[in-house]
**Student:** 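Below is the structure I would like to discuss, written out as structure tokens.
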Amino acid sequence: MTALRVGNASGFYGDRFDALREMLTGGELDVLTGDYLAELTMLILGRDRLKDPSAGYARTFLRQLEECLGLAHDRGVRIVTNAGGLNPAGLAGAVRDMADRLGIPVRVAHVEGDDLGAAHPDSLTAHAYLGGFGIAACLREGADIVVTGRVTDAALVTGPAAAHFGWGPAQYDRLAGAVVAGHVLECGTQATGGNYAFFTEGGHDLRRPGFPLAEIHEDGSCVITKHPGTGGFVDVGTVTAQLLYETAGARYAGPDVTARLDTVRLTQDGPDRVRIHGVRGEAPPPTLKVGRTRLGGFRNEVVFVLTGLDIEAKAALVKDQMAQTFAKASPQEVRWELVRTDRADADTEETASALLRLVVRDPRQDAVGRSFSGAAIELALAGYPGFHVLAPPGKGSPYGVFEAAYVPQEDVEHIAVLDDGRRLPVAPPRTAGARVPAEVTEVAEPDLPDPPPPGPVRRAPLGLVAGARSGDKGGDANVGVWARTDEAWRWLAHELTADRFRQLVPESRELTVTRHLLPRLRALNFVVEGILGDGVAAQHRFDPQAKALGEWLRSRHLDIPEALL
């Protein structure tokens with residue numbers, strides 16, 4: 001059976017608008033996917049739905065599709081997207097209306113059952129992460145476009161692959177291969193050189209990276225590539241980086257299968273072609289993850305600019321002055337952070353300045369509203385010399401909280417809704433013939449490689465010998481670190497322990513840091529629990545999604561063997 005060519009045209013809600021057209025016109029495709037959902041997106045869509053009950057889906061997708069629906073139809077490319085968000089039926093209906101208006105005959109199906117809001121009345125949104133077999137059912141029944149709500153990102157690929165190759169729920173190795181392919185594709189250009197640690201090497205044109213695609217084979221193996229002539233590049237490094245993104249240990253559990261990341265093998269298969277093979281799969285867990293969002297309260301912030309001399313004394317003065325306001329309003333949480341961006345004898349005012357960031361949070365809007373912002377501005381003529389702020393604080397804005405829960409797979413009604421209105425129930429793995437374990441546990445820690453021989457060392461940044469990519473999962477962050485040679489891996493595996501990580505990332509010293517080894521990828525994956533507080537929507541830290549945490553780690557200095565430098 002010929003390979004199934006699955007492309008990606010969106011990694012998040014707000015990604016490159018023209019990508020849908022670029023992917024449809026740039027080369028051959030069978031299926032084009034678009035990932036629009038993230039933890040923060042669900043909160044945004046939930047707030048949209050509060051204002052308009054008919055909203056709740058990614059409206060950008062409709063505008064993109066209006067320009068490209070005829071192209072997709074003419075080229076026989078099927079489209080699968082989770083842009084339905086909180087209202088997949090609403091988006092499917094809007095697509096049908098558009099197709100009728102344009103005179104393009106397409107069959108539009110959608111997947112539902114993920115919305116568990118009735119069981120979580122205190123949440124703004126509550127959605128189970130469904131697998132790919134609802135998508136597969138829609139495609140097997142002839143759908144040209146499949147719209148979903150909250151499915152796993154990889155389900156956008158496992159569904160089309162299962163439909164095309166006729167895979168059943170117990171074909172774990174094949175499904176696991178498709179999950180890995182889906183995980184590489186889900187963030188779009190992150191697989192083709194975007195956000196890549198070694199972006200300065202190789203002379204690649206990264207101004208406009210092309211979006212990735214996977215050539216998936218019947219045995220579950222695939223080749224990651226991109227359309228000819230597009231920007232960016234695909235190599236073992238870019239694929240490794242994306243494999244480590246927002247994952248943890250060797251077992252990557254999902255609703256369809258548990259993929260064993262410690263079995264993944266990557267091989268350069270030519271220019272801009274990386275073969276993924278050897279992936280093993282195990283039964284999925286008996287539960288589905290449920291992502292819940294709620295409004296956590298209100299926040300406000302002000303950034304004071306401190307210029308020139310006596311930076312610490314200026315910061316101390318403004319803290320003392322604002323403390324009088326806090327004694328009256330008493331916000332539940334007050335956070336100060338002094339960022340020393342200043343330089344001595346600087347030749348511009350900006351580089352002579354430090355930033356003092358104040359963030360307040362409280363369930364009551366008035367506690368962080370005008371009384372707070374007014375008090376900050378009232379210091380303008382009574383504060384430290386050179387007083388000014390980056391922007392005047394406002395009245396306080398709501399912030400969100402993300403929480404995860406779990407529910408038995410059998411308790412979720414997974415439904416494929418076809419273009420003609422038929423509703424096809426999708427059986428959970430336990431009742432579809434697949435054996436489901438009682439739980440998914442961590443694998444035994446693999447053996448470490450032999451340590452490198454002793455020799456001279458030099459104090460240098462970790463990033464000279466290792467790449468990294470980091471991201472968020474609720475309040476936790478993961479940092480994947482990989483070496484590009486066996487020699488560097490031998491050093492990295494022994495040097496970068498969980499304790500050394502805590503030393504290099506002081507924020508993590510009082511937190512639980514778990515290190516996972518993935519020797520076939522020459523990689524370590526660190527999970528830092530709680531570093532992001534209540535998740536990205538709560539904006540707990542300077543980098544609320546931990547996007548640059550890995551790059552900070554790479555900038556830290558260690559004693560590195562000179563043989564590696």
Side-chain angles (χ1 to χ4, degrees), residues 190 194-201 237-238 240-248 337-344 351 354-355 357 448-449 451-452 454-473 475-519 521-533 540-565:
Q190 278 196 170
N195 293 341
Y196 184 55
F198 301 106
F199 74 101
T200 60
E201 300 179 5
T238 66
T240 297
Q242 180 55 26
L243 276 175
L244 296 175
Y245 181 64
E246 295 182 347
T247 59
E337 185 174 8
L338 177 59
V339 184
R340 295 301 300 264
T341 52
D342 55 301
R343 305 178 201 162
T351 55
L355 302 177
R357 182 170 181 248
L448 290 173
V457 298
R458 186 194 318 161
R459 197 77 176 168
L462 171 64
L464 295 183
V465 296
R469 178 161 297 163
S470 54
D472 64 313
K473 279 294 183 185
D476 302 340
N478 99 285
V479 185
V481 185
W482 78 94
R484 295 191 289 177
T485 67
D486 290 338
E487 293 76 16
W489 165 241
R490 291 170 63 189
W491 172 79
L492 183 70
H494 287 273
E495 176 64 23
L496 195 57
T497 62
D499 286 341
R500 181 56 55 88
F501 183 98
R502 291 188 186 93
Q503 293 172 10
L504 298 174
V505 181
E507 287 178 89
S508 68
R509 288 178 182 172
E510 304 302 320
L511 302 174
T512 298
V513 178
T514 304
R515 184 179 91 150
H516 303 278
L517 274 75
L518 298 168
L521 298 177
R522 293 192 294 238
L524 307 170
N525 220 343
F526 295 89
V527 177
V528 188
E529 297 181 24
I531 194 171
L532 303 180
H540 177 76
R541 66 189 296 271
F542 168 68
D543 175 16
Q545 288 183 280
K547 294 293 188 181
L549 185 57
E551 284 301 292
W552 177 29
L553 178 66
R554 293 182 69 235
S555 74
R556 300 307 307 270
H557 287 221
L558 294 165
D559 292 328
I560 299 175
E562 289 188 353
L564 300 179
L565 298 172

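Here, residue 1 is the first one in the sequence, and each next residue gets the next number.
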**Student:** Report the C-alpha distance between Val528 and Val505 in whole Å, list the side-chain angles of each, state the deciding distance to 0.1 Å, and finish with yes or no for side chain to side chain contact (heavy atoms under 4.5 Å, CB included).
**Tutor:** CA-CA 10 Å; Val528 188; Val505 181; over 6 Å; no

**Student:** Output every pair passing side-chain hydrogen bond (donor to acceptor under 3.5 Å, both in side chains) with a member in residues 461-473, not counting sequence neighbours, ordered by first then second residue.
**Tutor:**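 For residues 461-473, and leaving out neighbouring residues, the side-chain hydrogen bond (donor to acceptor under 3.5 Å, both in side chains) pairs sorted by first residue read Gln242-Arg469.
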
**Student:** Look up atom CD in Glu507 and atom CH2 in Trp552, then write down how far apart they are to the nearest 0.5 Å.
**Tutor:**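 With rounding to 0.5 Å, CD (Glu507) is 5.0 Å from CH2 (Trp552).
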
**Student:** Hey, can you pull the donor-acceptor pairs under 3.5 Å for the side chains in residues 556-565, sequence neighbours left out?
**Tutor:**
residue	atom	partner	partner atom	Å
Arg556	NH1	Leu504	O	2.4
Asp559	OD1	Arg459	NH1	3.4

**Student:** Is atom CZ of Phe542 surrounded by more than 12 heavy atoms (other residues, nucleotides or ligands) closer than 6.0 Å?
**Tutor:**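 Count not over threshold, so no.
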
**Student:** Give me each pair satisfying ring-ring contact (aromatic ring centres under 6.0 Å, His included) with a member in residues 490-519, each pair once, sequence neighbours excluded.
**Tutor:**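 Listed once each, the pairs are Phe501-Phe526.
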
**Student:** To the nearest 0.5 Å, tell me how far Leu517 CG sits from Trp489 CH2.
**Tutor:**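 Atom-to-atom, Leu517:CG and Trp489:CH2 are 4.5 Å apart.
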
**Student:** For the pair Leu532 and Arg541, evaluate side chain to side chain contact (heavy atoms under 4.5 Å, CB included) and give the outcome as yes or no after the intermediate values.
**Tutor:** CA-CA 7 Å; Leu532 303 180; Arg541 66 189 296 271; 3.3 Å; yes

**Student:** Using a 3.5 Å distance criterion without hydrogens, assess whether the side chain of Asn525 forms a donor-acceptor pair with backbone atoms of Ala248.
**Tutor:**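 Pair found, side chain donor or acceptor close to backbone of Ala248.
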
**Student:** Can you list the residues that meet the salt bridge (Lys or Arg N to Asp or Glu O under 4.0 Å) rule with Arg522, with sequence neighbours excluded?
**Tutor:**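 Only Asp486 meet the salt bridge (Lys or Arg N to Asp or Glu O under 4.0 Å) criterion with Arg522.
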
**Student:** Look up atom CD1 in Ile531 and atom CG in Asp476, then write down how far apart they are to the nearest 0.5 Å.
**Tutor:**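 CG of Asp476 is found 9.5 Å from CD1 of Ile531.
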
**Student:** Measure up the Trp482 and Tyr196 rings against each other and bin them: parallel (under 30°), tilted (30 to 60°), perpendicular (over 60°).
**Tutor:**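 Parallel.
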
**Student:** Once rounded to the nearest 0.5 Å, what's the spacing between atom CZ of Arg515 and atom CG of Leu496?
**Tutor:**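 Rounded to the nearest 0.5 Å, the CZ-CG separation comes out at 7.0 Å.
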
**Student:** Which value, rounded to the nearest 0.5 Å, describes the distance between Leu524 atom CG and Leu244 atom CG?
**Tutor:**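 Going from CG on Leu524 over to CG on Leu244, the span is 9.0 Å.
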
**Student:** Where the side chain of Arg340 meets the backbone of Asp342, is there a donor-acceptor pair that is under 3.5 Å apart?
**Tutor:**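 Flag not set: sc Arg340 to bb Asp342 has no pair under 3.5 Å.
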
**Student:** Search all heavy atoms of Ala197 against all heavy atoms of Gly467 and return the closest pair with its distance.
**Tutor:**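 So the minimum-distance heavy-atom pair works out to CB-CA, 3.9 Å.
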
**Student:** Sequence neighbours excluded, which residues qualify as salt bridge (Lys or Arg N to Asp or Glu O under 4.0 Å) partners of Arg554?
**Tutor:**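 In terms of salt bridge (Lys or Arg N to Asp or Glu O under 4.0 Å), with neighbours along the sequence ignored, Arg554 is linked to Glu551.
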
**Student:** Would you compute the distance between atom CG of Leu518 and atom OG1 of Thr247 and round it to the nearest 0.5 angstrom?
**Tutor:**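 If I round to the nearest 0.5 Å, the distance is 7.0 Å.
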
**Student:** For the side chain of Ser508 and the backbone of Leu511, is there at least one donor-acceptor N/O pair under 3.5 Å apart?
**Tutor:**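 Pair absent, no side-chain N/O of Ser508 close to backbone of Leu511.
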
**Student:** List in chain and number order the residues that pass salt bridge (Lys or Arg N to Asp or Glu O under 4.0 Å) with Glu510, two or more places apart in sequence or in another chain; answer none if no residue qualifies.
**Tutor:**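 Result, salt bridge (Lys or Arg N to Asp or Glu O under 4.0 Å) vs Glu510: none returned.
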
**Student:** Does any non-hydrogen side-chain atom of Glu495 lie less than 4.5 Å from one of Val465?
**Tutor:**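 No; the side chains remain at least 4.5 Å from each other.
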
